Amino acid sequence: MEKNKKLYFAVAGAGVGFINGFFGGGGGMIVLPVLTMLFNFEQKNAHATAIAIILPITVASAVSYLIANGFGVFDFNLLSASVGVTIGGVVGALLLKRINNKSLVKIFAVVMFIAGAKLLFF
Amino acid sequence: MEILKFCLFGALGGVLGGMGMGGGTVLIPLLTIFLSVEQKTAQAINLISFIPMAIIALTLHFKNKLVKTEGLLFMIIPACFFGVGGAVLCHFIKSEIMQRIFGGFLLALSFVQFFSDKIKPKNSLKK
């Protein structure tokens with residue numbers, strides 16, 4: 001691999017990692033356009049590779065959080081959320097092929113805007 | 001009842017994550033706004049609850065040979081270091097302030113998401 005490309009990968013990884021660790025999420029939404037637009041990944045490869053990048057970051061960040069804040073977050077609520085996320089993830093992956101998601105993306109963007117405004121200003 | 005809400009909101013986040021629309025950015029505000037979970041706790045729940053889903057999804061993606069591994073470590077290793085750094089930095093910021101910073105982050109992401117179809121990748125798949 002070219003030296004420049006290794007450097008770009010490293011810089012992109014650092015940015016995505018910091019965002020995901022600092023905010024507890026959001027890295028996936030950053031790494032996808034990075035992979036497709038900067039590194040010319042095809043969509044399917046980008047989605048798959050994004051998880052391969054975000055998963056170790058998530059594990060590392062989660063361990064940091066637990067060391068800093070203790071293990072109190074492990075309760076039935078967390079377990080319940082994890083079960084929900086896993087089931088939802090499978091459903092979402094299956095739906096991806098069946099739904100024209102262009103409108104959904106816009107709706108989701110509006111929902112994010114409202115949620116963001118609520119958290120920032122209220 | 002509260003456990004069911006956590007499961008439901010987790011599922012909502014998971015569906016959107018499974019569709020590639022960023023599940024964590026939904027789950028965190030759902031937990032903070034509707035279940036009054038503290039921001040940093042919501043972030044931890046999002047991080048940890050993502051792991052089992054990601055392991056399953058990644059296993060399937062490797063099986064289907066969709067993961068491009070060339071140079072991946074050059075991204076993952078710095079990402080993990082800075083991920084830990086970000087998590088440590090978050091620890092020193094009050095949850096109330098983190099919530100507002102996260103709100104600003106969501107606002108910025110919403111614009112990127114809304115206009116994402118106007119930014120085309122060079123090798124987008126045509127169906």
Side-chain angles (χ1 to χ4, degrees), chain A residues 1 6 9-10 13-14 16-18 20-26 28-29 36-37 40 42-45 47-49 51-53 55-58 60-62 64-65 68 73 76-78 80-89 91-93 95-96 101 106 108-109 112-113 115-116 119-120, chain B residues 3 6-7 10-11 13-15 17-22 24-25 28-29 41 43-54 57-58 61 66-68 71 74-76 78-80 82-84 86-91 99-100 102-107 109-110 113-114 117 121-123 125:
Chain A
M1 182 181 257
K6 288 179 189 175
F9 261 40
V16 168
F18 179 80
N20 208 72
F22 186 68
F23 290 116
M29 292 189 74
T36 54
M37 287 186 277
N40 296 327
E42 294 188 2
Q43 290 288 346
K44 283 185 188 175
N45 295 124
H47 279 278
T49 310
I51 299 179
I53 296 166
L55 178 56
I57 302 172
T58 298
S61 304
S64 301
Y65 178 90
V73 74
F76 282 111
N77 290 335
L78 170 65
S80 186
S82 302
V83 168
V85 167
T86 303
I87 294 170
V91 171
L95 281 175
L96 183 60
N101 66 346
K106 299 270 188 208
F108 178 50
M112 278 171 62
F113 181 86
L119 291 173
L120 179 59
Chain B
I3 287 180
F6 274 88
C7 185
V15 167
M19 295 176 79
M21 285 197 273
T25 43
I28 293 171
T41 303
Q43 290 179 198
I45 290 174
N46 181 54
L47 284 171
I48 296 167
S49 62
F50 170 76
I51 293 170
M53 192 268 285
L58 198 54
H61 290 322
L66 289 175
V67 180
K68 291 181 77 171
F74 288 102
M75 195 176 272
I76 288 177
C80 287
F82 280 81
V84 169
V88 168
L89 181 63
C90 170
H91 174 62
Q99 187 168 297
R100 293 195 187 274
F102 185 78
F105 176 59
L106 269 189
L107 280 178
L109 275 186
S110 70
Q113 185 82 346
F114 195 86
D117 59 338
K122 286 183 186 176
N123 294 330
L125 291 172

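Because the structure is predicted, anything quoted here is derived from the model rather than measured. Letters A, B, ... mirror the listed sequences (proteins, then strands); counts begin at 1.
Rounding to the nearest 0.5 angstrom, the gap separating the CE atom in B/Met53 from the CD1 atom in A/Ile51 is 6.5 Å. We find the CZ-CG distance between B/Phe6 and A/Asn77 to be 4.0 Å, quoted to the nearest 0.5 Å. For the atom pair A/Phe76 CZ and B/Ile3 CD1, the distance stands at 6.5 Å (nearest 0.5 Å). Within the model, atoms CZ of B/Phe50 and CD1 of A/Ile57 stand 9.0 Å from one another, a figure rounded to the nearest 0.5 Å.
Closest heavy-atom contact between A/Leu78 and B/Ser49: CD1-N, 4.3 Å. Closest approach of B/Ile76 to A/Pro56, counting heavy atoms only: CG2-CG, 3.8 Å. Closest approach of A/Ile53 to B/Met75, counting heavy atoms only: CD1-SD, 3.2 Å. Nearest heavy atoms, B/Phe74 versus A/Lys6: CZ-CD, 3.4 Å. When all heavy atoms are compared, the tightest approach of A/Leu119 to B/Gln99 is CD2-CG, 3.4 Å. Between A/Ala62 and B/Ile48, the shortest heavy-atom contact is CB-CG1, 4.0 Å.
The most heavy-atom pairs under 4.5 Å with chain B, out of A/Ser82, A/Ala14, A/Ser64, come from A/Ala14. Counting heavy-atom pairs under 4.5 Å between each of B/Leu66, B/Thr41, B/Ile51 and chain A puts B/Leu66 at the top. By number of non-hydrogen pairs under 4.5 angstrom with chain A, the leading residue of B/Ala79, B/Ala44, B/Gly103 is B/Ala79. Between chain B and the residues A/Ala60, A/Gly25, A/Ser61, the largest count of heavy-atom pairs under 4.5 Å involves A/Ser61. Interface remark: of the candidates B/Val67, B/Leu109, B/Leu107, B/Leu107 forms the most heavy-atom pairs closer than 4.5 Å to chain A.
Within the 3.5 Å criterion, the main-chain N or O of B/Lys68 finds no donor-acceptor partner in the side chain of A/Asn45.
Contacts of A/Ile87 with chain B are absent, with no heavy-atom separation under 4.5 Å from either backbone or side chain.
Looking only at side-chain heavy atoms (C-beta outward), B/Leu47 and A/Phe23 stay at 4.5 Å or farther from each other.
Within 6.0 Å of the CZ atom in A/Phe9, the count of heavy atoms belonging to other residues, nucleotides or ligands exceeds 12.
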